[in-house]
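Sequence lines set the chain letters: A, B, ... in the order given, protein chains first and strands last, and positions in each chain run from 1.
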Amino acid sequence: MADLRNNFVGIKSPNPFWLASAPPTDKAYNVERAFKAGWGGVVWKTLGEEGPPVVNVNGPRYGAIWGADRRLLGLNNIELITDRPLQVNLQEMKQVKMNWPDRALIASIMVPCEEASWKAILPLVEETGADGIELNFGCPHGMSERGMGSAVGQVPEYIEMVVRWCKQYTRMPVITKLTPNITDVRKPARAAKAGGTDAVSLINTINSIVSVDLDSFAPQPTVGGKGSHGGYCGPAVKPIALNMVAEIARDPETYGLPISGIGGVTTWRDAAEFMTLGAGNVQVCTAAMTYGFKIVEEMITGLSDWMDSKGHRTLEDITGRAVPNVTDWQYLNLNYVAKAHIDQDACIKCGRCHIACEDTSHQAITSIVDGVRHFEVMEDECVGCNLCVNVCPVENCITMVGLEAGVVDQRTGKPVDPNYANWTTHPNNPMARQAAE
Amino acid sequence: MGTNVSGIHGGRLAPADYEKNFSDLHPPLDHHEALVAADRCYFCYDAPCMTACPTSIDIPMFIRQISTGNPIGSAKTIFDQNILGGMCARVCPTETLCEQVCVRNTAEERPVEIGRLQRYATDIAMEQNAQFYRRAERTGRRIAVVGAGPAGLACAHRLAMNGHDVIVFDARVKPGGLNEYGIATYKSTDDFAQREVDYLLSIGGIEIRNGQKLGRDFTLGELTENFDAVFLGMGLAGVNALKTEGEQLSGVEDAVDFIAALRQVENKADIAIGRRIVVIGGGMTAIDAAIQSKLLGAEEVTICYRRGKEHMNASEFEQELATSKGVMIRHWLQPKRIIGKDGKVAGIEVEYTAMQDGRLVGTGETGILAADQIFKAIGQTFDPAGVGNLRLEAGRIAIDAEGRTSMARVWAGGDCVKAGEDLTVTSVAQGRDAADSINRALAAAANPTVAVA
């Protein structure tokens, strides 16, 4: 049995599956249920400063996009940080941590960008026995209009400053949660590191309008005839999150900085992918909000079974394993040649590969052969783009097959070169480096 | 309630059972079901379902329109090719047409429910009385259509669309042809056939004259004289006889008459049905008669077919439907003699058959099946009364690829032509295509130079 125990910047949990700071972690009732279901940790829904709590809208807070059979693919929310009094949250956190000493309990915090505010709240949180804090520099809606959340996360100098205060005023590990609503995620990550953060977590939600009501001409969710942009999350954002995690993981300046991966984690497989790209653990929200807390069972068993089947014993065995294979386009091997191959036994003859290739790509797949409906790759036209693989409804029906060195590429008429060669030295590249004399 | 005494009687069931038994065979999909079903369509390239459809409906497109919340647009996609798409959605043997070739069969042996999706879209459009077609400017041309069945109606609609004035002559009391008289009751509930005719006629320019039979009330010669073109779509008026002893006995009936009576009757308990039924035949009519006998409360219903299962014209689905209702299907049996008692049917002597040197022969081994009612469903024939010298082929009207007969300005389609497959949808395609051919011919006659160019 694989050992799924997680040690993230000294915070221990029985597995690497944490619930992200969000509605599922807003109060003891939910968190107790989550721990009973098996979640390794929770990041308590973001606390604000002492005083009258924020208020939420009383209309719809969520919008969504769906795939076939109304499977939820992307969720958008305009909910703010906790709207419960600080003291209530702190009391409940303390009780829950006492009830579940083996689980990770992290406090997410968002207070005004002033030293006094941070200095005031940190001891209160520390007193609950929480294992760490997460700085919410990510929420893109509502709070950002008040100079908090992503308004801080979009300014590296502010990030560094606040992280520094936190490290100064608490002994708890500090996790800095980053917003994806920036152009280069490495900048805020570097700032957080410069401020002394113990880790970063990402991504928070993405600015989004999820849909427009075509009767009222208003964005959804619509509150009294108007809509505001919200924060987008769920399976649809996973690719964006994976890239940002990888960017930080392979950046020389932040290399080795612990990362808590967030963004569309729905299955064990998603979690494994985040971890191989450098995440020490993952945080989940939308999947739980869609299916309930029970999904963690699938995540735990799936990850464990996969690790067993591959001989990975601990999470350290998989964390960061894919990072060395993330590179820039310019370093990709231009001598690698692959061709699509259609398994005729698996093919159901829907023809989507043909029409995708014919209308939008390289005219490399037949539709009729000898008068019969037949879909086959014409290797002399195939550039190996992989579009057919992606539009085929049958898994593994179309696969990309790499050509062995020396085999003639039917498209170019040239044998496949066994040597690695990339754009940096390509003759068509005006910036190509001169080969060493 | 009800009775199971021998002989032929109505009211075999409790009143509620009639309603239950004759409710929709495939109940309509609700909104959610339609979306789930539509999601399964892969929007295939050059979709096999579309090719399999005799009317070439753009099936992937109409399903995509359903899935994007546009059932009205979906219905138009259907009606553009098949103005009787509502009835075809109910009666098409989709299991041998579009759904048989759905790629989902290869993927997971369960096709997209094309027929039910088609019904979903067309039902919505018809409920909202969404009208998609307007008549072109009137041409002043008058066209006679004989037969208000699927072929005649499809032809009339397309002609009216092109601005011609159409008179439809039909021998029966109501229009609709087999849609009204020949479809099993549980496939066309709530007077759908008449509602569909009304919907189709709302384009205008079509007059239906009922009770007008070719050969009795008028001749083909009179039509060609008085109209610019004629379309013949009168179906098959005759039925094949068994030609066996006892055929004249009370209780021996044509299945088509039984099916028609059941469609027309107000109260199904009024239809008298035997306790033991034998149906002779192996096509859809035999199946429909057998199933409905069972649904009316017959205790024992047996279909006798003189060849094997694989030779039956009824689809696999229909055969299974019959057996699921308790009908017994027996193969390799042919009628030898009908046995009577007091002038009424008491049973039928059947003989086993076999193929010998490629020919069907009786083996000499016989047996007797008790029966108090026997339905003949061994095929219908074309009645050539009134068609004059029109060339026939295999007993039906010969046509070319466009539906033209051997006589100038006379077209034909539907079951009365040789090419007919005896399906509603094929008849619709032939009627529609003949209308296009008529339209082209009339246009060419009006403007010969354009036609040459």
Side-chain angles (χ1 to χ4, degrees), chain A residues 63-73 210-217 220 340 342-378 387-398, chain B residues 29-53 56-74 94-114 116-117 120 124 128:
Chain A
I65 63 163
W66 300 273
D69 202 4
R70 216 175 146 86
R71 187 168 290 249
L72 189 144
L73 297 182
V210 81
S211 60
V212 175
D213 183 321
L214 292 178
D215 292 319
S216 63
F217 293 115
Q220 292 179 311
I342 300 174
D343 177 349
Q344 294 299 331
D345 291 333
C347 176
I348 62 171
K349 298 187 165 50
C350 68
R352 295 210 323 206
C353 56
H354 164 79
I355 200 61
C357 192
E358 190 70 17
D359 276 356
T360 70
S361 293
H362 301 88
Q363 299 76 46
I365 299 180
T366 64
S367 63
I368 304 272
V369 174
D370 296 333
V372 178
R373 187 176 176 84
H374 183 82
F375 303 96
E376 195 171 301
V377 175
M378 293 177 271
L387 177 64
C388 53
V389 172
N390 292 313
V391 302
C392 177
V394 179
E395 59 278 20
N396 297 323
C397 172
I398 311 183
Chain B
L29 295 172
D30 68 22
H31 177 69
H32 171 72
E33 290 172 318
L35 289 181
V36 172
D39 267 341
R40 296 187 65 242
C41 176
Y42 282 138
F43 201 75
C44 294
Y45 164 72
D46 192 16
C49 52
M50 197 173 153
T51 314
C53 174
S56 308
I57 293 172
D58 191 342
I59 293 165
M61 184 56 73
F62 94 67
I63 293 179
R64 189 170 173 82
Q65 288 169 308
I66 289 174
S67 68
T68 59
N70 184 11
I72 297 291
S74 173
T94 51
E95 65 279 2
T96 60
L97 295 170
C98 52
E99 292 180 17
Q100 183 181 47
V101 298
C102 175
V103 301
R104 284 276 190 178
N105 283 315
T106 319
E108 62 253 347
E109 295 185 352
R110 195 166 69 85
V112 174
E113 292 182 280
I114 299 168
R116 295 181 81 193
L117 284 165
Y120 171 78
I124 289 177
Q128 299 182 10

Query raised in the report: With respect to chain A, which residue among B:Thr106, B:Leu35, B:Asp39, B:Val36 yields the maximal number of heavy-atom pairs within a distance under 4.5 Å?
Result: B:Asp39

Query - Closest non-hydrogen atom pair, B:Tyr45 against A:Gly351 - result: CB-O, 3.2 Å

Query raised in the report: Once you round to the nearest 0.5 Å, how far does SG of B:Cys102 lie from CD1 of A:Ile348?
Result: 8.0 Å

**Report entry** Winner by heavy-atom pair count (cut-off under 4.5 Å) against chain B, out of A:Cys347, A:Pro393, A:Cys397, A:Ser367
**Finding:** A:Pro393

Report task. Can you establish whether the number of heavy atoms outside B:Glu109 located under 6.0 Å from its atom CD is more than 12? Result -> no

Query raised in the report: Is atom CG of A:Asn396 surrounded by more than 12 heavy atoms (other residues, nucleotides or ligands) closer than 6.0 Å?
Result: no

Requested in this report: Check whether any side-chain heavy atom of B:Asp46 lies under 4.5 Å from a side-chain heavy atom of A:Arg373, and answer yes or no.
Outcome: yes

